[in-house]
Amino acid sequence: MLEIRNLAKSFGGVKATNDVTFDFPDGSLTAVIGPNGAGKSTFFNLITGALKPDAGQVLLDGVDLAGRSPPEIVRHGIGRAFQVASIFRSLTVEETMLAAVSADQRTSAVLHKRFPLPETRDRAEHVMELLGLAGKRKRTAATLSHGDQKLLDIALALVLEPKVLLLDEPTAGMGPEERWRMIDKVRELWETQKITVVFIEHDMDIVFKIAPKIVVLCYGRILATGTPDEIRNNSAVIDAYLGTEHAGAAA
Amino acid sequence: APWVARAQAKTIKIGMPTILSGRVAQLGTSSRNAVMLEVEKVNAAGGLAGRQIEMVIRDSKGQPQEAARVARELVNTDGCELLIDAEASSGAFAVHEVARDLGVFCIHTNSETSALTADPKQHIPNAFRTARQGVHDSIVGGSYAAAIAKAKGLKKWATCSPDYAYGRDTTAEFTLYLKRFAPDVEIISESWPKLFQPDYTEVVTKILQAKPQALYSCLWGGDLTSYIDQANIYAMFGQMEVFAVNMADYTALTVVKNLPKGIHSGNRYIKTFPATPENAAWGDAYKAKYNEYPTNWSWENATAVMLMAEAAKKANAADGKKLAEALAGLTIKCPFGADGTVTMRAEDHTLVGYAIGWGTTIPQEPYVPEVKAGDWKTIFELEAEWKKSKGYT
Amino acid sequence: MSAAVIEVADLDVYYGTSQILFGVGLSVRQGETMALLGRNGAGKSTTMKAIMGLAPPRRGKVSLRGVVISGRKPHAIARAGLGFVPEDRQIFPEHTVEDNLVIGKKRGPDGQDEWPIKRIYEVFPLLEPLRHRIAGRLSGGEQQMLAIARTLMGNPALLLLDEPSEGLAPIIVQRIGELLRQLRSIGSTVLIAEQNMHFCLGLASHATVIDKGQIVYAAGIDDLKANDTIRRRYLAL
Amino acid sequence: MTELEARRAETLVPARGATTVWARYRDVLIALIAFAVLASLPLFTGSKALLDFVIRCSAYGLFATSLNLLVGYTGLTSFGHGMFFGLGAYSFGLIMQKLGVPIPIAFVATLAITGVVAAIIGAICVRLKEIYFAFVTLAFQMLIHSTILSWASFTGGDQGLRGGIPRPVFLGVDLSNHVHLYVASCALLILGLLAMRQIAQSPFGYTLRMIRDNAGRASFLGIDVWRAKLTVFVLAALFASMGGMVMALFVSGAYPEFAYWTISGEGIFINMLGGVSTFLGPMVGTVLLLLLNDTVTRFTEYHGIVLGIVILFFALGLRKGLLDFVAEWFAHRREAGEGR
Amino acid sequence: MDLDALVGCLSSSACLVTQTTSGLIIGMLLFLVAVGLTLIFGVLKVVNFSHGAFYMFGAYFAMTAYQLTGSFALAVLAGAAGTAVLGLIFERVFMSRVYGADVLMQLLVCYAFVLIFDDVVRIIWGPEFKSMGMPAAFQVMPLFIAGGVVPPYYLLLIGVALAAAIVLGIGLSRSRIGKVIRAAAHNPGMVSALGINTGLIYGGVFALGGMLAGLAGALAAPVRSLTPGMGFSVLIESFIVTVIGGMGSILGALIGALLLGLIRSFGSLGFPLFTEGLMYLFMVIVLVSKPTGLFGKEAA
Ligand SMILES: Nc1ncnc2c1ncn2[C@@H]1O[C@H](COP(=O)(O)OP(=O)(O)OP(=O)(O)O)[C@@H](O)[C@H]1O
Ligand SMILES: Nc1ncnc2c1ncn2[C@@H]1O[C@H](COP(=O)(O)OP(=O)(O)OP(=O)(O)O)[C@@H](O)[C@H]1O
Ligand SMILES: [Mg+2]
Ligand SMILES: [Mg+2]
């Protein structure tokens with residue numbers, strides 16, 4: 001279980017994360033929404049070590065990870081994908097996956113053997129298969145389409161076999177079709193891999209359709225939590241975030 | 001046999017690595033000019049033991065590894081049988097190693113570092129030096145300065161010299177002899193600007209703070225003129241006697257716009273010292289040909305060619321080995337000799353007997369009207385002593 | 001019917017050796033809001049960049065009110081009267097809001113100045129209290145408004161908007177929609193590229209559909225709403 | 001890039017897999033052949049100048065290729081890599097002059113010294129980014145250069161290590177013999193290149209590529225970026241130091257110029273000339289630069305202008321190193337061929 | 001080391017004044033060169049290795065103009081204007097072709113011009129060093145302030161440099177053109193899409209940077225010897241200055257230059273043999289404690 005306790009971070013005067021406490025049970029799927037600048041990405045950055053929290057705890061199965069470096073946190077089992085696909089432009093899809101597995105198996109500093117090590121193959125293969133990247137294995141990452149780059153980014157997080165997967169706007173910049181394909185994939189992963197998934201999303205159709213639980217952040221604080229129906233009808237959320245178009249629409 | 005005669009008639013190539021680009025290109029060029037001036041004379045007179053000289057001159061950019069590379073290439077690829085090494089100090093040591101390795105005859109013409117010939121560890125039979133030697137310079141300078149110090153009561157001295165081997169050694173030796181002849185002299189301030197440092201303001205002010213009665217400097221070339229320009233606006237020259245050993249060189253004298261009167265300097269090359277018709281004629285001939293005055297490096301390189309020509313005459317061969325044998329101990333007539341001759345000393349293969357002296361400047365030609373010649377007898381005595389103190393003998 | 005403000009004909013655009021646009025042509029008339037629709041990677045942004053001269057076309061012609069502007073440098077094209085709001089907004093993050101606006105200030109192609117800063121603040125009342133804020137610290141929606149406002153400062157005859165709703169909270173999308181309707185009501189001419197159909201269909205008067213670098217459909221917005229084939233085939237709706 | 005383009009790019013990437021073992025042996029084989037060819041050169045030509053040229057290529061080639069481990073593979077632009085070239089030359093020269101140990105011992109000791117110094121300097125430098133990394137390495141280089149100049153009693157100051165480097169015969173190898181020195185240099189070059197090739201193709205090599213492309217992302221995969229950078233910094237220093245030792249043997253001395261920033265500059269220049277995205281690019285650059293240098297200085301003392309114009313040709317004309325350009329050109333050709 | 005001298009100086013007002021002004025002088029000339037460097041880097045992200053050449057050309061242009069006209073004002077003008085034109089040409093004809101290429105490629109183009117410019121000077125003015133000479137107006141006795149010596153020429157020099165610093169600083173932060181320049185530094189594409197000719201800005205910035213270096217060269221010409229390659233040592237020091245101050249920051253360049261000047265003037269008292277090393281050491285210390293220089297911004 002991932003437990004967040006009193007997490008706080010401010011930039012200058014801005015309290016980007018303000019005393020956030022929340023639990024993500026094992027195997028849960030949670031959406032994080034909130035206005036632009038509410039502190040959603042910051043929240044992820046604090047959990048994954050990209051930023052050091054000013055205060056608070058990030059407990060994974062009881063171990064406090066707050067303030068540790070990204071490599072350490074990754075090794076404890078929290079993987080993440082980025083709002084803007086963050087990949088290795090000059091490596092091929094296959095090389096990217098193999099190198100990531102190598103990193104996870106602590107063989108990334110091996111000097112005397114040739115890349116790739118045989119023991120990295122299966123895992124890399126498995127994840128490429130899972131996300132439908134196998135057919136594009138020889139493509140250089142930079143030449144992939146926008147959507148495939150996002151997929152590759154998620155694949156990078158997944159190939160480390162994390163306990164918790166954090167996805168920052170996995171569908172950002174995608175068309176309606178790709179969007180749904182991507183989110184179906186995320187749900188499938190969640191169902192088959194039995195991992196804890198937390199994702200940030202601005203597309204309410206998606207959020208309301210697939211997330212059993214939603215957290216709304218606003219000005220760094222938790223504004224509301226609940227099921228899609230609860231959130232949809234929460235007047236504070238409507239005022240701060242949803243506006244009138246989505247409010248209660250699908251009820 | 002006829003084939004011998006033909007071989008004899010073949011031209012002889014002399015390789016010359018020197019610095020033709022970068023900050024000291026001017027000096028390298030003046031070395032080349034002087035060599036070519038003399039080689040033309042030798043060739044007109046029949047060449048080196050009957051063989052016409054062909055100079056192969058290459059740029060080393062002043063980098064030792066390039067100097068070594070060029071020297072090797074001159075011998076190995078271009079077929080040069082003799083080398084004139086017109087490099088500055090570190091390049092000279094690099095070429096020296098090449099000469100040691102290849103056994104080729106080599107005259108160092110520009111390196112004034114005493115150790116190059118004084119240190120027996122460096123000694124090889126096929127290498128010589130026709131440059132002035134630092135320690136000679138310092139002995140003459142020290143004794144000249146001491147005389148003035150005593151006459152004018154200059155007790156507090158400051159030094160300001162470039163921070164590299166030449167600057168440090170020369171300054172150390174100068175003060176050594178200054179104190180020897182004038183024991184109550186005291187060095188109260190030392191400055192060590194970097195070679196080619198663009199700005200000397202902090203050095204100038206530092207010296208002004210120390211309020212010395214006299215200043216010694218072995219800055220040279222552009223560094224010296226910069227220094228003078230910058231010291232001038234602090235009105236430094238009115239406040240102390242200045243001994244700048246490298247001032248009396250045309251490269252500096254003709255360039256500096258507000259040359260202060262009365263700077264003491266050693267001669268580098270100056271047309272009027274030694275005050276002989278031969279020397280004046282040589283300087284004029286050089287000026288006529290190249291439209292500028294010779295430099296300190298010019299006379300040193302010219303002397304090398306003169307010595308080679310005479311040695312070849314004596315050995316009746318242009319072969320490096322025989323040339324080296326003939327050269328050791330050879331005395332020749334030379335416009336740059338203190339008494340009209342210079343000698344290649346046999347024991348350490350370095351030039352002695354060249355004109356050396358000090359005088360004071362005036363802002364227009366002849367710039368240094370009177371030069372007080374140094375005394376070679378004293379030089380020899382003190383040099384021997386110095387060698388012993390260094391463990392060279 | 002008024003004359004075309006912008007006329008794009010036969011554009012071929014390459015990135016390096018790969019061709020992205022194949023003979024793209026479209027035209028927008030005075031007062032229209034034209035939606036440029038298409039899937040990811042269809043070439044919407046590239047079309048806009050090509051019009052702006054940021055991705056110079058190898059073939060084809062862009063004319064603004066009959067004057068050929070293709071082949072000019074971006075700044076010359078902007079001066080001819082085009083205003084561009086790129087998909088990622090590209091505000092100047094270290095400048096204040098007002099500095100961003102000042103940098104965008106220029107007279108229109110006929111020397112007119114219809115958008116003094118006062119009017120900007122009237123149309124974007126949310127920006128006025130933020131005028132001295134560092135733009136990089138604004139929220140995404142505020143940045144989007146700033147980007148549009150900055151471009152309006154240049155008095156464009158035609159506004160090119162690339163995905164103004166991307167990555168924004170629903171309430172902000174709604175607000176920007178209102179704003180664009182307002183602009184339309186004062187007679188501005190707009191070319192807008194969008195993925196968000198809800199948003200776009202409620203806004204545009206005309207639509208052009210691009211797919212794999214080619215224009216496949218162009219008509220009035222009601223036509224498109226009625227044409228299921230096109231919508232399903234190219235817009236995945 | 002379009003799908004079409006991407007599919008083309010696909011065909012450029014050589015198939016990997018079971019071929020990795022073969023790839024390794026292929027590298028060794030190529031190295032052996034290259035060594036055989038180089039080592040037998042003296043049998044066919046009496047030209048000492050050619051051998052000299054190859055020795056200098058070894059020295060600069062080791063240095064430049066090691067710099068490419070930093071610049072090309074890791075994206076660390078060092079302006080001070082030359083300090084390790086100088087350090088190698090000086091340490092080796094001093095050990096031989098002062099201690100008179102057998103050459104292999106001096107060789108290993110020099111590597112050890114370089115490793116320690118590089119680890120200390122690297123630990124400070126690799127935290128910095130881009131231009132600041134470049135300049136702080138430059139600062140360290142200048143510090144080392146200043147130290148060499150100031151510590152004249154030990155290093156000989158600006159006059160360099162004088163009096164030649166002794167070369168006691170070891171196991172029949174006499175490095176004062178020109179041919180022996182030549183063969184030894186070739187052996188060092190080939191071994192060094194082979195080792196660097198192995199580094200580049202190892203899992204660590206791919207870690208470096210990841211860091212170059214996106215260091216931040218690499219750290220979210222569990223890679224300790226700082227450690228990896230430091231490791232490659234030290235490894236590259238070792239090979240640069242080897243180059244310095246070859247140079248010291250060639251000129252039989254060491255000079256402050258070896259530790260001056262210009263050496264680093266030349267290294268970068270060589271890399272740009274030859275190309276940074278191909279392993280042998282720096283080697284090609286080395287040969288190009290040395291050839292250029294040696295021929296141009298023969299004909300004019302205005303080599304600055306000539307060299308400058310040649311550089312402009314590369315920079316403005318090709319916009320990349322020669323080998324990179326050739327590799328790309330071949331790729332296009334192949335692509336065109338397949339298109340037909 | 002000679003710490004006594006340093007301590008002795010710090011306790012004497014005469015020495016303090018003299019050494020401080022001498023530090024200011026060194027620093028201010030350095031600033032004029034460095035600020036162009038930092039400006040060009042800030043806007044174009046180009047590490048202009050050929051910047052020293054502009055300093056050199058400034059000095060040579062000034063010397064030639066002085067010899068022809070005898071007017072020092074014209075000489076300075078010639079140095080500044082000549083290098084401005086040179087900078088413009090250099091940017092428009094050559095540098096503009098390598099934007100977007102590898103940073104090292106840009107470095108290479110600059111390096112090529114270091115070589116070419118030095119040889120061009122050698123061909124035009126000859127390999128020997130030259131001296132312009134101090135204009136008669138400034139051949140006067142130095143002033144004495146609180147016991148310290150300050151030559152009037154150097155007061156002029158400090159004044160000019162300070163004026164340049166103020167004009168640049170205010171101009172860039174207040175005026176619209178300044179804002180545009182800073183914006184172009186971040187995002188040239190967007191700036192041009194807003195109707196601003198970035199080519200002109202780039203050329204202008206290079207011309208301005210060249211002009212400032214040329215101005216420094218011209219002002220230094222009366223007191224420094226002129227030689228091909230003279231730009232080099234100045235360049236290295238300016239790099240130290242810009243890196244210490246933070247690449248791209250004008251205030252950083254000013255502070256960095258003054259600090260370096262003071263390090264030199266006081267360092268030469270306390271550490272006469274390690275003044276140079278002191279500068280590098282200082283740079284290392286600054287970068288270790290603040291990895292982007294004193295006023296540098298973290299690259300995004
Ligand atoms: N490194 C930083 N330095 C200063 N301020 C920051 C930094 N990162 C984020 N902020 C500020 O913190 C607040 C929260 O930012 P964050 O990126 O977490 O928002 P978000 O909820 O992810 O928004 P969006 O939906 O637009 O991505 C914003 O006001 C932002 O400007
Ligand atoms: N800089 C570039 N280099 C190479 N190819 C590019 C570049 N930018 C875009 N492309 C390619 O050009 C095609 C069209 O891209 P464009 O950005 O115009 O699409 P779009 O319709 O705007 O898509 P989106 O909705 O994702 O913004 C895509 O296949 C894309 O991969
Ligand atoms: Mg975010
Ligand atoms: Mg787009």
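These numbers were taken from a predicted model, which means no experiment stands behind them. Chain naming here is simple, since letters A, B, ... match the order of the sequence lines and numbering starts at 1 in each.
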Report task. Please look at P222(E) and chain B and tell me whether the side chain, the backbone, both or neither of the residue comes under 4.5 angstrom of a heavy atom of that chain. Result ->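 The backbone, not the side chain.
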Report task. Tell me, for T18(E) versus chain B, whether the close heavy atoms (under 4.5 Å) come from the side chain, the backbone, both or neither. Result ->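 For T18(E), backbone and side chain are both near chain B.
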Residue among [options] with most heavy-atom pairs under 4.5 Å to chain E:
options: Q197(B), E202(B), R23(B), K257(B); value: E202(B)
options: W192(B), Y200(B), Y234(B); value: Y234(B)
options: T225(B), I233(B), T205(B); value: I233(B)

Tell me, for [X] versus chain E, whether the close heavy atoms (under 4.5 Å) come from the side chain, the backbone, both or neither.
X: L20(B); answer: backbone
X: Q209(B); answer: side chain
X: S21(B); answer: both

Report task. Please identify each residue that fulfils side chain to side chain contact (heavy atoms under 4.5 Å, CB included) with Y111(E), with sequence neighbours left out. Result ->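 For Y111(E) the side chain to side chain contact (heavy atoms under 4.5 Å, CB included) partners, ignoring immediate neighbours, are F269(D), I311(D), L115(E).
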Query raised in the report: Between N296(B) and R132(B), is any pair of side-chain heavy atoms under 4.5 Å apart?
Result: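 N296(B) vs R132(B): side chains touch.
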Requested in this report: Output yes when a side-chain donor or acceptor of T170(B) lies under 3.5 Å from a complementary backbone atom of G167(B), and no otherwise.
Outcome: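 No.
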Query - For T21(E), all residues meeting side-chain hydrogen bond (donor to acceptor under 3.5 Å, both in side chains), sequence neighbours excluded - result: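 Here no residue qualifies.
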Requested in this report: Fit a plane to each ring of Y66(E) and F72(E), take the angle between them on a 0 to 90° scale, and name the class: parallel (under 30°), tilted (30 to 60°) or perpendicular (over 60°).
Outcome: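 Rings of Y66(E) and F72(E): perpendicular, over 60°.
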Query raised in the report: What is the ring orientation for F196(B) with W220(B), classed by angle as parallel under 30°, tilted 30 to 60°, or perpendicular over 60°?
Result: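 Answer is perpendicular, since the angle exceeds 60°.
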Report task. Using a strict 4.0 Å threshold on nitrogen-to-oxygen distance, state whether K287(B) and D284(B) make a salt bridge. Result ->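 No, K287(B) and D284(B) are not salt-bridged.
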**Report entry** Distance in Å, I25(E) CD1 paired with T201(B) OG1, rounded so as to fall on 0.5 Å steps
**Finding:**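 The distance works out to 5.5 Å.
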Requested in this report: Compute the centroid of each ring, for Y286(B) and then for Y293(B), and state whether the two points are separated by less than 6.0 Å.
Outcome: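 Not close enough - the centres of the two rings lie 6.0 Å or further apart.
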Query - chain B neighbours within residues 126-144 of chain E, where any heavy atom lies under 4.5 Å away - result: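 Under the 4.5 Å heavy-atom cut-off, P127(E), E128(E), F129(E), K130(E), S131(E), M132(E), G133(E), M134(E), Q139(E), M141(E), P142(E) qualify.
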Query - Set of salt bridge (charged side-chain N to carboxylate O under 4.0 Å, His left out) partners for K194(B), sequence neighbours left out - result: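 Counting only residues at least two positions away or on another chain, K194(B) forms a salt bridge (charged side-chain N to carboxylate O under 4.0 Å, His left out) with D163(B).
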